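Here is the structure we will look at.
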Amino acid sequence: MSLKDRLLSDMRTAMKERDSERKSVLSMARAAVLQIEKDKRTELDDQGVIEVIAKEIKSRKEAIELFKQGGRQDLVDKNEREIEILSEYLPPQLSEAEIRNIIQEIIAKTGAAGMKDMGKVMGAVMPQVKGKADGGTVNRLVKEMLQ
């Protein structure tokens, strides 16, 4: 079963179980996937769906920071629950140690010697960790390792 089909199936299950929060989150994720497909006039594969879901999670993480600053704990909690639901559809996330190993391999291959080579390293690392690691975490680790 493709990831897109799984989203639809799980959304239908949530409807039957009257789980309005889960149904709402899955419906939004499906709408985002369908919108990308319509805009690009193409059918997304599982990797494309993962990218859309990762983008949705990222936007919620950014919103959480703003809600914390605004003192809106209710919205922080709501967004955290939505992230939990969406995370079920992502592949297992890499640990920091695994990300560091990938970065070390890339640095060795490219011969990166400092911050001036950060773009080269990031360009090689991101395709390997796409959907499996947060871009901000990867960026932070690359900076640490190149300094």
Side-chain angles (χ1 to χ4, degrees), residues 1-14 21-70 72-147:
M1 176 184 293
S2 75
L3 200 50
K4 208 163 62 168
D5 293 338
R6 187 173 151 215
L7 278 172
L8 179 60
S9 171
D10 290 354
M11 186 179 80
R12 287 179 179 159
T13 302
E21 183 178 43
R22 185 172 186 82
K23 182 215 147 258
S24 172
V25 172
L26 296 178
S27 175
M28 173 280 318
R30 281 199 72 243
V33 168
L34 294 173
Q35 186 63 48
I36 296 289
E37 288 182 337
K38 182 179 176 186
D39 291 346
K40 294 186 177 180
R41 295 188 174 128
T42 183
E43 182 95 7
L44 289 180
D45 59 359
D46 281 355
Q47 186 59 39
V49 174
I50 287 170
E51 289 174 21
V52 172
I53 292 172
K55 190 181 287 186
E56 292 295 327
I57 289 174
K58 180 181 179 189
S59 71
R60 280 167 177 70
K61 286 181 179 178
E62 291 168 356
I64 285 173
E65 294 305 314
L66 296 174
F67 292 141
K68 282 181 181 176
Q69 292 172 7
R72 294 292 309 266
Q73 190 59 40
D74 58 328
L75 294 175
V76 170
D77 295 341
K78 178 182 181 288
N79 277 280
E80 286 174 345
R81 286 191 305 273
E82 290 179 1
I83 288 172
E84 286 176 29
I85 292 169
L86 290 171
S87 294
E88 296 172 18
Y89 299 91
L90 293 179
Q93 298 296 292
L94 296 172
S95 69
E96 279 200 19
E98 292 170 319
I99 297 169
R100 285 181 191 276
N101 290 337
I102 292 170
I103 294 169
Q104 285 175 337
E105 289 175 18
I106 299 296
I107 289 173
K109 283 182 188 173
T110 61
M115 289 304 289
K116 67 181 181 343
D117 295 321
M118 183 165 174
K120 187 187 319 179
V121 174
M122 286 294 292
V125 171
M126 287 312 289
Q128 290 185 27
V129 300
K130 197 162 198 121
K132 300 178 202 166
D134 177 54
T137 303
V138 174
N139 188 316
R140 178 178 50 83
L141 293 174
V142 169
K143 281 182 182 176
E144 283 176 20
M145 295 175 77
L146 287 176
Q147 289 179 345

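Count residues from 1 along the sequence. Quick caveat, the model's predicted, so the values are computed rather than measured.
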For this session: Before giving the answer on side chain to side chain contact (heavy atoms under 4.5 Å, CB included), spell out for Asp10 and Glu88 the whole-Å C-alpha distance, their side-chain angles and the decisive distance to 0.1 Å.
Result: CA-CA 11 Å; Asp10 290 354; Glu88 296 172 18; 5.5 Å; no
Could you go through residues 28-35 and list every donor-acceptor pair under 3.5 Å that involves a side-chain atom there, pairing it with any protein atom two or more places apart or in another chain?
| residue | atom | partner | partner atom | Å |
| --- | --- | --- | --- | --- |
| Gln35 | NE2 | Asp39 | OD1 | 2.8 |
| Gln35 | NE2 | Asp39 | OD2 | 3.4 |

Please round to the nearest 0.5 Å and tell me the distance separating atom [atom1] of [X] and atom [atom2] of [Y].
{"X": "Lys68", "Y": "Leu75", "atom1": "NZ", "atom2": "CG", "answer": "13.0 Å"}
{"X": "Lys23", "Y": "Ile85", "atom1": "NZ", "atom2": "CD1", "answer": "12.0 Å"}
{"X": "Lys143", "Y": "Met118", "atom1": "NZ", "atom2": "CE", "answer": "5.0 Å"}
{"X": "Gln128", "Y": "Ile99", "atom1": "CD", "atom2": "CD1", "answer": "12.0 Å"}
{"X": "Met126", "Y": "Ile102", "atom1": "CE", "atom2": "CD1", "answer": "10.5 Å"}
{"X": "Ile57", "Y": "Leu90", "atom1": "CD1", "atom2": "CG", "answer": "4.0 Å"}

For this session: Indicate whether the side chain of Asp5 and that of Ser2 have a donor and an acceptor atom separated by less than 3.5 Å.
Result: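 Distance-only check passes for Asp5 and Ser2.
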State whether the side chain of [X] and the backbone N or O of [Y] hold a donor-acceptor pair below 3.5 Å, judged by distance alone.
{"X": "Glu65", "Y": "Glu62", "value": "no"}
{"X": "Gln93", "Y": "Pro91", "value": "yes"}
{"X": "Asp117", "Y": "Ala113", "value": "yes"}

Counting only pairs under 3.5 Å, give me each side-chain donor-acceptor contact of residues 44-55, with atom names and distances, residues two or more places apart or in other chains.
| residue | atom | partner | partner atom | Å |
| --- | --- | --- | --- | --- |
| Asp45 | OD1 | Gln47 | N | 3.4 |
| Asp45 | OD1 | Gly48 | N | 2.9 |
| Asp46 | OD1 | Leu3 | N | 2.8 |

Exercise. Is the number of heavy atoms from other residues, nucleotides or ligands under 6.0 Å of Arg12 CZ greater than 12?
Worked result: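 For Arg12, atom CZ is not crowded (no more than 12 foreign heavy atoms under 6.0 Å).
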Exercise. Does Lys58 NZ have over 12 foreign heavy atoms under 6.0 Å away?
Worked result: no
Do [X] and [Y] come close enough that some side-chain heavy atom pair is under 4.5 Å?
{"X": "Glu144", "Y": "Arg140", "value": "yes"}
{"X": "Glu43", "Y": "Lys4", "value": "yes"}
{"X": "Leu141", "Y": "Val125", "value": "no"}

Exercise. Which pairs with one or both residues in residues 73-86 pass salt bridge (charged side-chain N to carboxylate O under 4.0 Å, His left out), sequence neighbours excluded?
Worked result: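 Non-adjacent pairs meeting salt bridge (charged side-chain N to carboxylate O under 4.0 Å, His left out): Glu21-Arg81, Arg60-Glu82, Arg72-Asp74, Lys78-Glu82.
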For this session: Please test Ile64 against Ile83 for side chain to side chain contact (heavy atoms under 4.5 Å, CB included), starting from the C-alpha separation and ending with a verdict.
Result: CA-CA 10 Å; Ile64 285 173; Ile83 288 172; 3.6 Å; yes
Problem set entry | Thr42 and Glu37: CA distance, side-chain angles, deciding distance, side chain to side chain contact (heavy atoms under 4.5 Å, CB included) verdict | CA-CA 5 Å; Thr42 183; Glu37 288 182 337; 5.6 Å; no
